[in-house]
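For the numbers below, each heavy atom of this structure counts, side chains included, while hydrogens, waters and symmetry mates do not. Given the structure is predicted, the values throughout are model-derived calculations rather than measurements.
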Amino acid sequence: MAVETALETLSDAARHNVPRDQLIGQFNKLADSVNRWYVPPEQQVARGVYQSIAGKLMNLPEAPVGSPFPPSAFVAQETTTLRQQRVALLQSQPSLAETASLLR
């Protein structure tokens with residue numbers, strides 16, 4: 001879910017030219033939202049995904065006034081990485097057929 005949320009947030013920001021501080025704040029809020037005692041540990045790992053992107057956004061050089069944010073090259077690179085993570089996660093899950101055979 002973290003990968004999908006990060007992809008959606010970055011894509012939406014790219015379409016709407018979200019201000020730098022606002023986008024960093026969004027990812028920090030996402031990270032904070034999974035840092036709760038009642039969130040299962042397997043969902044808390046999402047914090048790392050969100051914090052990583054927030055950190056990378058903070059490290060981007062200042063762009064000239066009027067330049068789109070986040071930069072399209074950054075969005076392309078991060079969405080590629082997130083999609084690769086999604087594929088790896090999907091491949092690590094047992095298939096429906098495997099799950100059904102385990103239930104028999």
**Phe69 side chain reached by Asn17 side chain, heavy atoms, under 4.5 Å** = yes

Quiz prompt | Donor-acceptor contact below 3.5 Å, side chain Thr5 vs main chain Ala2 | solution = no

Looking only at heavy atoms, the pair that brings Ser33 and Leu30 closest together is OG-O, 2.6 Å

(message) Assigning hydrophobic clusters by single linkage (Ile, Leu, Val, Met, Phe, Trp, Tyr; side-chain heavy-atom cutoff under 4.5 Å), is Leu82 placed with Val34?
(response) no

One should read off an interatomic distance between Glu42 CD and Met1 CE, to the nearest 0.5 angstrom, of 13.0 Å

Correct closest heavy-atom pair for Ala54 and Asn28 would be CB-OD1, 3.5 Å

dist Glu4:CD -> Arg83:CZ (nearest 0.5 Å) comes out at 9.0 Å

Just by distance, do the side chain of Arg20 and the backbone of Leu57 share a donor-acceptor pair under 3.5 Å? yes

CD (Gln22) and NE2 (His16) are apart, to the nearest 0.5 Å, by 11.0 Å

Nearest heavy-atom contact between Leu60 and Pro71 is CD1-CD, 3.8 Å

So, Thr9 side chain and Ala6 main chain: donor-acceptor pair closer than 3.5 Å or not? no

Next on the checklist: side-chain contact (heavy atoms from CB on, under 4.5 Å), that's the test. Do Arg86 and Leu89 meet it? Break it down for me.
Outcome noted: CA-CA 5 Å; Arg86 179 174 51 194; Leu89 286 168; 5.6 Å; no

Flag, side chain of Asn59 to backbone of Gly55, donor-acceptor distance under 3.5 Å = yes

- Task: Look at the side-chain heavy atoms of Ile, Leu, Val, Met, Phe, Trp and Tyr, link any pair under 4.5 Å apart, and say whether Tyr50 and Met58 land in one connected group.
- Result: yes

Do Asp32 and Lys29 sit within salt-bridge range, that is, some charged N less than 4.0 Å from a carboxylate O? no

In short, Arg47 meets Ala31 closest at the heavy-atom pair CG-O, 3.7 Å

Smallest heavy-atom separation, Val39 atom then Gln44 atom, equals O-NE2, 2.6 Å

Side-chain heavy atoms nearer than 4.5 Å, only ILVMFWY residues, links allowed to pass through others: does that put Val45 and Val3 together? no

- Give a yes or no on this: more than 12 heavy atoms of other residues, nucleotides or ligands lie within 6.0 Å of atom CD of Glu8. no

Quiz item: Any chain of hydrophobic side-chain contacts (each under 4.5 Å) joining Leu7 to Val87?
Solution: no

